[in-house]
Amino acid sequence: MDLGASGNNSCVTTFILLGLTEIPALQPVLFVIFLLAYVATLGGNFGILAAIIIEPKLHTPMYFFLGNLSMLDVGCISVTVPAMLKHFLSSDRHVPYGACLSQLFFFHLLAGADCFLLTVMAYDRYLAICHPLTYSTHMSWKIQKVSVCLSGVFSFSNALTQTVALSTLKFCGPNVINHFYCDLPQLFQLSCSSTQLNERLLFVAAAFMGVAPLVLITLSYGHVAAAVLRIRSAEGRKKAFSTCSSHLTVVGIFYGTGVFSYMRLGSVEASDKDKGIGILNTVISPMLNPLIYSLRNPDVQGALRKVLTGR
């Protein structure tokens, strides 16, 4: 255990991340798997961005938001996976106190922005389907930029609040984190001071950044479903639903893994289930999003072919 004097009134100067496994034979295999997942995520999301930029048909609010979502996915996986890959190749699992807080800050910054952006995308689909005549007015270029900026501001405020509040806690030991990245529930368990205020702040953040956006998304799609069901043409209903299905799939994966990540907050011991949920949240979800959005979208597929073939 690395203990020592620290300016933040904490005895612990470094944490030890146990990672996914302590079995040496599995680490090279896991390194290759997660390296491929990381490369695939970068390739998929940057491919989506390139397709949106070069294809005029994709210069619409929906794809503007999708491009921002792709950048957030790249950031989210880059916060956790490179450090994990480094630990697979080295026996040194030590993470400095400051680096741990930095990882936590950027993870909550990017994940929080994801929450708000997915809500804006649901509102965009609501306007496009329920109010098509005034869509261009209500979703102008200025409103798109303001929506993305506000998502970043709200998320930054929450991430900074959670990080500053955590920095006031005392860590006297142990300093071993049974996970592959630093996050609030695991650090709360190691604190030797009261985490009551921190847990309340996290509860408020969950309500503001989790429950409220999910309610708004549900309301938006409730109106969308009612509007689509009024369409007489079966082909028209199918086309309308197809524009929403990808987004709904991404919302389901994102919120499903997020809820399970934090519902065990009061648990005394972390388990391997937490690591599995963490992988879904930080690796699988960012990797699947480009595939989900391009699988049933001929415009995106055509633009990706242009990117790959150069024609």
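Computed from a prediction, not measured in an experiment: that's the story for all the values here. Start at 1 with the first residue, then count along the sequence.
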- Task: Please assess Asn178 against Gln186 for the test side chain to side chain contact (heavy atoms under 4.5 Å, CB included), listing each intermediate value before the final yes or no.
- Result: CA-CA 7 Å; Asn178 186 21; Gln186 290 75 33; over 6 Å; no

- Message: Run Ser102 and Thr163 through side chain to side chain contact (heavy atoms under 4.5 Å, CB included) and show every step you take.
- Response: CA-CA 8 Å; Ser102 296; Thr163 306; over 6 Å; no

- Before giving the answer on side chain to side chain contact (heavy atoms under 4.5 Å, CB included), spell out for Thr14 and Val95 the whole-Å C-alpha distance, their side-chain angles and the decisive distance to 0.1 Å. CA-CA 5 Å; Thr14 64; Val95 179; over 6 Å; no

- Item | Verdict with supporting geometry, Tyr293 and Ser70, side-chain hydrogen bond (donor to acceptor under 3.5 Å, both in side chains) | CA-CA 10 Å; Tyr293 275 105; Ser70 293; over 6 Å; no

- Message: Before you tell me yes or no, could you show the steps for Val215 and Leu219 under side chain to side chain contact (heavy atoms under 4.5 Å, CB included), namely the whole-Å CA-CA distance, both residues' side-chain angles and the distance that decides it to 0.1 Å?
- Response: CA-CA 6 Å; Val215 169; Leu219 289 174; 4.1 Å; yes

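Under the 4.5 Å side-chain contact rule for hydrophobic residues, Ile279 and Phe31 share a cluster. In terms of hydrophobic clustering, with Ile, Leu, Val, Met, Phe, Trp and Tyr side chains grouped at heavy-atom distances under 4.5 Å, Leu117 and Leu216 are assigned to different clusters. By the rule that hydrophobic residues join a cluster once side-chain heavy atoms approach within less than 4.5 Å of another member, Tyr221 and Ile253 end up as members of one cluster. Leu35 and Phe46 end up in the same hydrophobic cluster when Ile, Leu, Val, Met, Phe, Trp and Tyr side chains are linked at under 4.5 Å. The same ILVMFWY cluster, assembled from side-chain heavy atoms under 4.5 Å apart, contains both Val39 and Ile77.
The ring of Phe171 has its center closer than 6.0 angstrom to the ring center of Phe15. Annotation: Phe64 is not in aromatic contact with His59 [ring centroid separation under 6.0 Å not met].
A tilted orientation is assigned to the rings of Phe107 and Tyr181, their planes being inclined by 30° to 60°.
In this structure, Gln144 contributes its side chain and Met139 its backbone to a donor-acceptor pair below 3.5 Å. Looking only at distances, a side-chain donor or acceptor of Ser193 sits under 3.5 Å from a matching main-chain atom of Lys170. Under a 3.5 Å cut-off, the side chain of Asp92 and the backbone N or O of His94 do form a donor-acceptor pair. Here the side chain of Ser151 pairs no donor or acceptor atom with the backbone of Ala113 at under 3.5 angstrom. A donor-acceptor contact shorter than 3.5 Å links the side chain of Asn45 to the backbone of Pro286. Side chain of Asn175 to main chain of Ile16: no donor-acceptor pair is present (N/O by atom type, distance under 3.5 Å, no hydrogens or angles). A donor-acceptor pair under 3.5 Å links the side-chain atoms of His138 to the main chain of Thr134, judged by distance alone. No donor-acceptor pair closer than 3.5 Å links the side chain of Ser90 to the backbone N or O of Lys86. Here the side chain of Ser155 pairs no donor or acceptor atom with the backbone of Gly152 at under 3.5 angstrom.
A 6.0 Å sphere centred on CD1 of Ile23 holds no more than 12 heavy atoms belonging to other residues, nucleotides or ligands. More than 12 heavy atoms of other residues, nucleotides or ligands shown are found within 6.0 angstrom of OH on Tyr135.
Here the closest non-hydrogen pair linking Val224 and Cys244 is CG1-SG, 3.9 Å. When all heavy atoms of Thr168 and Ala165 are compared, the closest pair comes out as OG1-O, 2.5 Å. A pairwise comparison of heavy atoms in Met209 and Pro213 identifies O-CG, 3.3 Å as the closest pair. Nearest heavy-atom pair across Val120 and Ser147 is CG1-CB, 3.9 Å. Across all their heavy atoms, Ile177 and Cys182 have their closest contact at CD1-SG, 4.2 Å. Shown here for Leu18 and Arg93, the closest heavy-atom pair between the two residues is O-NH1, 2.6 Å.
Rounded to the nearest 0.5 angstrom, Leu85 CG and Ile33 CD1 are separated by 11.5 Å. The CG atom of Leu184 sits 5.5 Å away from the CG atom of Leu202 when rounded to the nearest 0.5 Å. Separating the CG atom in Asn198 from the OG1 atom in Thr161 is a distance of 11.5 Å, to the nearest 0.5 Å. A distance of 11.0 Å separates OH in Tyr97 from OG1 in Thr13, rounded to the nearest 0.5 Å. Atoms CD and CG, on Gln162 and Leu101 in that order, are 11.5 Å from each other to the nearest 0.5 Å. Distance check: Cys115 SG to His108 NE2 gives 10.5 Å after rounding to the nearest 0.5 Å.
Looking at Thr41, Asn68, Asn289, Thr282 one by one, the single match for side-chain hydrogen bond (donor to acceptor under 3.5 Å, both in side chains) with Asp73 turns out to be Asn289. Just one residue in the list Phe156, Phe154, Phe254 forms a ring-ring contact (aromatic ring centres under 6.0 Å, His included) with Phe116, and that residue is Phe154.
Between Phe88 and Leu20, some side-chain heavy-atom pair lies under the 4.5 Å cut-off. The shortest distance between side-chain heavy atoms of Phe34 and Met84 falls below 4.5 Å.
With hydrogens and angles left out, the side-chain atoms of Tyr38 and Ser78 include a donor and acceptor closer than 3.5 Å. Judged by distance alone, the side chains of His247 and Asp124 never bring a donor and an acceptor atom under 3.5 Å apart.
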